[in-house]
Engineer: 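Here it is: the structure, laid out below.
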Amino acid sequence: MRHRPRRLVIAVRADPVICGHSGEARNLAEVALTRGFTDVRLLTWPISALEAAGLPLKRLDGLLPYSPGITVERPEPVGDYRVPDGRYVAGLTGRLVELLAEPIPTVCLSMYLVPHTAVILDAVGAVRAAGFAPDVHTIAKAVGSDVTNVIKSCLRDGSFGAAIALFTTFLANDEVTAVSEYTRDEIIASAEEVDAKHGTHFAEQCRRRVTVSYPPIDTSAYLDIEESAVDAALAARGLARDGYILFLSRVTRAKGIYDLIMAYGQMRCRSDVKLVVAGTGPALQHVRAMAAEDEQVIFLSDVDDTEKGLLMRGCAAYVLPTKPEPEFVETFGIALTEKMLAGGGPIITTLTGGTGEAVGDTAIIVEPGDVVALAAAVDTAVLEMPAEERADRERRARAHALTFDRARVFDDLFRPVLSNTEPA
């Protein structure tokens, strides 16, 4: 049977950016191929632009390949140095115009509202104004930094014009969704604040229209981990199973890395387990300097997607003491769910933003910023937790994390358009 041609375009900061939402785009793209989409495009930024932005990036030689049928497009900027910031956006918009001008039914999903949602709406408007009649359905997904870094910044700085433009652009899509209930609540609260100050009417629309679409996880990548592969990966790193505490995330203040370094110095278990800090980020150099005299602290800045699950499976405990900061609040916590699937030692985290939605009742919870409580919680998990409780937490955690399987999330998100798509 030949499928009716159907295209999915996802505008996103895709690989090699180290970010859970680049993984979301990959997972949605892979599922789309099994749901009747015959052409899937990730519309993203040139590598040089990502590097210049200072974003934490994976090694290019460590990226997992995409399945045939998925194309990653990185349009070059349009114009010269006299258009310093708009050139890349113009390149993205122009390429999408070319795709929408083709007579192929297309779903456009934007992740990160700024600027990807504007890129999609501008392209749709341009194609229609040019006389084409694109068969296009738009979905805008608000992720964590859309609220914490963009909307909140507008409100904090009094930039009501930018806030109004953002909400208008968001709500102009056929569907609007948020990465967690916490994010949805924050969107509505921010809309209420804008409405109260400027007489707009965004909050009612957000309450009525914004749904929740959790991050899609490739659960199979973490469920079938071979124990021999874990042992080999740990041996290559000079680690032993249950012989280390793992922090695997972006190395930033908001992820609680400073609290963890200080807490590790107070832990009774530090003589039994090392602290492995796996990841890169703006705080990495400073944190390295803080722990320079502590041979028990190990930094790994080259962990690829394949090794990630192996390190999670082998750790004595996984610690993500994330905390709210002005520029970032953990609006879900994808690494938490990946760890829950991989198994291994218990999770210690905080109820910051949407982390409670990610972990359910399966993690050990401490107050954000409480270094003493964090040290005590890790000691309890490593030195005192009975094997039966550890196994029970692992089982319940995996069951909860399975609810975020990428196929299930995809079907819920694309339900309005799937009825017109032939199954694979």
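Values below: all heavy atoms of this structure, side chains included; hydrogens, waters and symmetry mates excluded.
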Engineer: Test the R35-F414 pair against the cation-pi criterion, namely NZ or CZ under 6.0 angstrom from the six-membered ring centroid and within 45° of the ring axis.
Structural biologist: no
Engineer: Checking D304 now: which residues fulfil side chain to side chain donor-acceptor pair (under 3.5 Å) with it, not counting sequence neighbours?
Structural biologist: none
Engineer: Checking E51 now: which residues fulfil side chain to side chain donor-acceptor pair (under 3.5 Å) with it, not counting sequence neighbours?
Structural biologist: none
Engineer: State which residues pass salt bridge (Lys or Arg N to Asp or Glu O under 4.0 Å) with D185; sequence neighbours excluded, sorted by chain then number.
Structural biologist: none
Engineer: Tell me whether R250 forms a cation-pi arrangement with F328, defined as NZ or CZ under 6.0 Å from the six-membered ring centre and within 45 degrees of its axis.
Structural biologist: yes
Engineer: Are the side chains of L109 and V12 in contact, using a 4.5 Å heavy-atom criterion?
Structural biologist: no
Engineer: Go through the structure and list residues passing ring pair (Phe, Tyr, Trp, His ring centres under 6.0 Å) with F170, not counting sequence neighbours.
Structural biologist: none
Engineer: Check side chain to side chain donor-acceptor pair (under 3.5 Å) between T306 and all other residues, then give those that pass, not counting sequence neighbours.
Structural biologist: none
Engineer: Can you give me every donor-acceptor pair (side chain of residues 123-137, partner residue at least two apart or in another chain, under 3.5 Å) with its distance?
Structural biologist:
| from | atom 1 | to | atom 2 | distance (Å) |
| --- | --- | --- | --- | --- |
| H137 | NE2 | E175 | OE2 | 2.5 |

Engineer: What residues, two or more places apart in sequence or in another chain, satisfy salt bridge (Lys or Arg N to Asp or Glu O under 4.0 Å) together with R390?
Structural biologist: D242
Engineer: Just wondering, do P75 and W45 contact through their side chains at under 4.5 Å, heavy atoms?
Structural biologist: no
Engineer: Does a salt bridge link R408 with D405, judged by any charged N lying under 4.0 Å from a carboxylate O?
Structural biologist: no
Engineer: Mind checking the NE2-CE spacing from H116 to M111? Nearest 0.5 Å is all I need.
Structural biologist: 10.0 Å
Engineer: Does a side chain donor of either S110 or T117 reach within less than 3.5 Å of an acceptor in the other side chain?
Structural biologist: yes
Engineer: Between the side chains of D195 and T200, does any donor sit under 3.5 Å from an acceptor?
Structural biologist: yes
Engineer: Show the atom names and distances, to 0.1 Å, of all donor-acceptor pairs under 3.5 Å that link a side chain in residues 16-24 to residues at least two apart or in another chain.
Structural biologist:
| from | atom 1 | to | atom 2 | distance (Å) |
| --- | --- | --- | --- | --- |
| H21 | ND1 | E24 | OE2 | 2.2 |
| S22 | OG | V17 | O | 3.0 |
| S22 | OG | C19 | O | 2.7 |
| E24 | OE1 | K141 | NZ | 2.6 |

Engineer: Checking ring-ring contact (aromatic ring centres under 6.0 Å, His included) for the pair F404/F332: CA distance, chi angles, key distance, verdict?
Structural biologist: CA-CA 12 Å; F404 306 115; F332 183 77; 5.2 Å; yes
Engineer: Please examine the side chains of E357 and Y214, heavy atoms only from C-beta on, and report whether any two atoms are closer than 4.5 Å.
Structural biologist: yes
Engineer: Test R41 against every option in E73, E102, E98 by the salt bridge (charged side-chain N to carboxylate O under 4.0 Å, His left out) rule and name the one that passes.
Structural biologist: E73
Engineer: Name all pairs fulfilling the side-chain hydrogen bond (donor to acceptor under 3.5 Å, both in side chains) condition that reach into residues 359-370, sequence neighbours left out, sorted by first residue then second.
Structural biologist: D361-R396
Engineer: With side-chain hydrogen bond (donor to acceptor under 3.5 Å, both in side chains) as the rule and sequence neighbours excluded, what pairs involving residues 344-356 come up?
Structural biologist: T350-T352
Engineer: Taking C-beta and beyond as the side chain, do L50 and R74 meet within less than 4.5 Å on heavy atoms?
Structural biologist: yes
Engineer: Is the NZ or CZ atom of R7 positioned over F37's six-membered ring, under 6.0 angstrom from the centre and within 45° of the axis?
Structural biologist: no
Engineer: Looking at residues at least two apart in the chain, or sitting in another chain, which of them share a salt bridge (Lys or Arg N to Asp or Glu O under 4.0 Å) with R241?
Structural biologist: E227, D231
Engineer: Can you list the residues that meet the side chain to side chain donor-acceptor pair (under 3.5 Å) rule with S159, with sequence neighbours excluded?
Structural biologist: none
Engineer: Less than 4.0 Å between a side-chain N and a carboxylate O, is that true for E330 and K255?
Structural biologist: yes
